[in-house]
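Read the numbers this way: they start at 1 and go in the same order the structure lists the ligands and their atoms.
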Amino acid sequence: MTHQQVTKSVIPAAGLGTRFLPATKAVPKEMLPVFDAPAIEYVVRESVAAGLDDVLLISGRGKEAIENHFDRNVELEQVLTAKGDQGRLDLVRETADLAHIHSVRQGQALGLGHAVLMAAEHVGSEPFAVLLGDDLIDVHTPVLEKMLAVRAEYGGSVICLMEVPHESISLYGCVAIESTDSADVVRVTDLVEKPPVAEAPSDYAVIGRYVLDPAVFAVLRDTEPGRGGEIQLTDALQTLAKMPAEAGGGVTGLVFSGNRFDTGDKLSYLKAVVTLAGRDPDLGADFNAWLRDFTAE
Ligand code: G1P
């Protein structure tokens, strides 16, 4: 089977960030620092590392700081140049050169499915990736490139799955699956957004990485509001899972067993900061020594 190459990614970033108030009252949640960079920078780097350097941000009111972060800041560059601070100059220029960043505004927060639909014009008729900014995938355990390989082999759409404790499944999209010949690849037969624990078809949760067939756009246009009155991407995937391959249907899951941090959750956010600080070439050794003493007290 030959399939079109994936070249573009979409990063929905229009959410209100209510889980992290008051920190996110005036600052977009995507701009909260995770150690020494804003959360969204890690997600953009992950996309680029998988070969997708055309990045579309689905932005919204009050999110200008995100676009500024990936743009030049000439005034700051002039100050750093005058000071001869080449190191910091390189740092502020690097984020502007990281990727080809585009943005479109969602206008109304009508759900993740609606946010993805905003990408229709930019993406056109190619398959594309979606990366949710709340989910940080550890660079030591990358998953997006593997998902692109699954798409190349199976076609259709590919989602990332993670086994979670049974009582947590109602926080996620959840799937019914059938095995394939490959241990970590499954065929997705059914999806449901945030089911009550007792009704969940499995303990496999949908994690915020997707490779979608462009057929998703037509499906999203016809998808009625679902859980929470929002247009859910999970519901569109449920429709795709039942559609024939010739029509762009079929959903395959890649089971991920690496490290993922949910930066919208305070405990998981702290774990991400500590993990990255502990690995930092300049600070790591001192930080880890301090942390050992601190936790021993
Ligand atoms: C979204 C999706 C959900 C998925 C989750 C992963 O939910 O709707 O299916 O499991 O991301 O993080 P949210 O966390 O935005 O409510």
So if you build clusters from Ile, Leu, Val, Met, Phe, Trp, Tyr with side-chain heavy-atom gaps below 4.5 Å, do Val158 and Val188 land together? no
Which protein heavy atom lies closest to atom 4 (C) of ligand 1, and at what distance to 0.1 Å? Val206 O, 3.3 Å
Quick one: look up the protein heavy atom nearest atom 7 (O) of ligand 1 and list residue, atom name and how far away it is. Lys194 NZ, 3.4 Å
Under 3.5 Å: N/O of [X] near N/O of ligand 1:
X      : result
Glu193 : yes
Tyr210 : no
Gly173 : yes
Asp135 : yes

Does the side chain to side chain donor-acceptor pair (under 3.5 Å) test come out yes or no for Asn73 and Glu77, once each step is laid out? CA-CA 6 Å; Asn73 181 336; Glu77 288 179 26; over 6 Å; no
Note, Leu117 side chain near Arg221 side chain (heavy atom, < 4.5 Å): yes
Is there a side-chain contact between Phe287 and Val274 (heavy atoms, below 4.5 Å)? yes
Do Asp54 and His100 meet the criterion of a side-chain donor-acceptor pair at a distance under 3.5 Å? no
Is a side-chain donor-acceptor pair under 3.5 Å present for Glu126 with Thr7? yes
How about atom 15 (O) of ligand 1: does it have a protein heavy atom within less than 4.0 Å? no
State the atoms of ligand 1, each with its element, that fall below the 4.0 Å cut-off from a heavy-atom position in Thr234. 9 (O)
Work out whether the distance between some heavy atom of Leu132 and some atom of ligand 1 is less than 4.0 Å. yes
All heavy atoms of Asp135 vs all of Ile207, minimum pair found to be OD2-C, 3.9 Å
